[in-house]
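Values below: all heavy atoms of this structure, side chains included; hydrogens, waters and symmetry mates excluded. No experiment lies behind these values; they were computed from the predicted model shown.
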Amino acid sequence: MTVDTAVVRLYAELNDCLPAAQRQRDLEIPLPAPLDARTLLTKLGVAPDAVDLILVNGTSCSLHHPVRDGDRVSLYPTFEAFDVTPLLQLRDAPLRRIAFVADAHLGRLARYLRLLGFDTLFENDPGDEALARTSAEEGRVLLSRDRALLRRRAVTHGLWVPAIRPREQLRYVLERLDLFRLLRPFSRCTICNGPLAVADERTLGDGVPSRVRAVFDDFWRCSDCGRIYWQGSHYDRLSHFVDQMTAAGTEHEIRSGSERSHPEQRPKDS
């Protein structure tokens with residue numbers, strides 16, 4: 001009698017749940033009876049709250065989705081290099097923090113991400129080895145237009161950015177990783193990436209001209225480089241940019257909802 005089976009692949013730290021010989025490979029799992037994704041996780045010894053994304057035959061699904069004979073199931077703790085098409089995460093926020101390191105060709109993208117509140121490292125020319133090491137050691141998604149860099153063995157979290165213009169790059173990253181829900185505008189220094197905190201006007205020192213103090217009451221200081229921010233003339237321009245990204249997020253949510261209701265249009269896991 002032939003037993004139904006499904007092919008299952010676990011990514012990143014989810015492999016810790018498996019015996020060493022079964023890690024980082026496709027597993028053929030017998031299905032002695034009809035089961036849903038949650039039951040399959042239990043069968044594999046994976047806690048459902050450790051999984052952030054489930055793809056069945058390339059389509060994102062919930063824990064209640066049925067798994068049938070011949071299905072290919074991919075399980076992710078969060079966004080991993082190359083393989084993930086985020087459509088339906090299992091919770092409102094990723095299990096792990098989202099942080100980036102951008103290569104030397106993506107400086108403007110890095111500043112845009114910082115403006116929106118994302119922890120993003122950037123140096124003018126750190127070298128490929130240093131970028132890969134930083135990504136691996138700090139669990140940062142490596143952003144690059146260099147496919148060879150992203151193929152390095154050390155890189156487990158990476159995203160190839162196809163667009164050339166910085167604003168198009170930003171929108172691609174936000175859509176590709178479904179990050180619109182995590183926007184925290186004006187919470188990071190766009191120069192050094194440090195977090196911003198409300199600054200007491202009495203401690204500003206010479207960093208703010210007296211004419212500025214006479215007009216503005218609210219100030220923020222970068223906890224790393226000490227740079228002072230206030231809502232000057234540049235603020236309206238940046239706020240308009242943030243509003244554009246927020247509107248793009250709303251459009252993305254509407255489009256994603258439509259795609260979920262039409263399975264034949266959903267992207268496939270490659």
Side-chain angles (χ1 to χ4, degrees), residues 1-99 135-136 139-141 153 155-159 173-182 249 252-270:
M1 174 174 147
T2 303
V3 177
D4 292 347
T5 60
V7 175
V8 181
R9 179 69 178 264
L10 280 65
Y11 289 87
E13 62 264 30
L14 294 183
N15 281 274
D16 295 343
C17 303
L18 299 174
Q22 296 181 355
R23 296 174 184 173
Q24 306 293 344
R25 54 175 293 184
D26 291 349
L27 303 174
E28 190 170 294
I29 305 299
L31 306 175
L35 48 76
D36 58 16
R38 179 186 291 274
T39 305
L40 176 63
L41 294 181
T42 302
K43 183 180 180 68
L44 293 168
V46 178
D49 61 2
V51 178
D52 194 39
L53 180 69
I54 300 173
L55 299 182
V56 176
N57 301 322
T59 299
S60 62
C61 66
S62 72
L63 290 167
H64 306 294
H65 187 88
V67 178
R68 301 183 176 89
D69 182 39
D71 282 348
R72 180 178 180 85
V73 182
S74 302
L75 306 175
Y76 300 89
T78 188
F79 311 119
E80 302 302 324
F82 299 115
D83 300 295
V84 62
T85 301
L87 292 173
L88 175 62
Q89 278 69 48
L90 300 184
R91 49 193 56 78
D92 292 336
L95 293 175
R96 295 180 292 179
R97 70 185 183 96
I98 297 296
S135 173
R140 294 177 177 272
V141 178
R153 184 181 298 274
V155 178
T156 61
H157 299 66
L159 181 66
V173 171
L174 296 177
E175 290 186 353
R176 182 66 174 80
L177 299 184
D178 197 16
L179 298 179
F180 289 103
R181 57 200 168 126
L182 301 181
H252 176 64
E253 285 297 318
I254 293 173
R255 187 168 62 253
S256 296
S258 175
E259 289 173 350
R260 291 184 192 118
S261 65
H262 298 83
E264 70 279 1
Q265 299 177 1
R266 297 172 184 170
K268 297 302 181 181
D269 180 34
S270 57

Task: Side-chain heavy atoms of I54 within contact of H65, under 4.5 Å - done: no

Open item on the list: Is there a side-chain contact between V67 and V8 in this structure, where contact means two heavy atoms from C-beta onward sitting under 4.5 Å apart?
Closed with: no

Nearest non-hydrogen partners of [X] and [Y], listed with the distance:
X	Y	result
P30	V3	CB-CG1, 4.0 Å
N57	G70	OD1-O, 4.3 Å
R140	S135	O-OG, 2.6 Å

Can you tell me how far [atom2] of [Y] sits from [atom1] of [X], rounded to the nearest 0.5 angstrom?
X	Y	atom1	atom2	value
L53	Y11	CG	OH	11.0 Å
R25	L10	CZ	CG	12.5 Å
I29	D71	CD1	CG	13.0 Å
L63	L40	CG	CG	10.5 Å

Task: Expected output: side-chain D69 to main-chain T5 donor-acceptor under 3.5 Å - done: yes

Open item on the list: Using a 3.5 Å distance criterion without hydrogens, assess whether the side chain of N15 forms a donor-acceptor pair with backbone atoms of Q24.
Closed with: yes

Task: Set of side-chain contact (heavy atoms from CB on, under 4.5 Å) partners for D26, sequence neighbours left out - done: V7, R9, R72

- [ ] Would you sort out whether L14 and L44 count as a side chain to side chain contact (heavy atoms under 4.5 Å, CB included), showing the intermediate values?
- [x] CA-CA 10 Å; L14 294 183; L44 293 168; over 6 Å; no

Open item on the list: Is it the case that atom CZ in R68 sees more than 12 heavy atoms from other parts of the structure closer than 6.0 Å?
Closed with: no

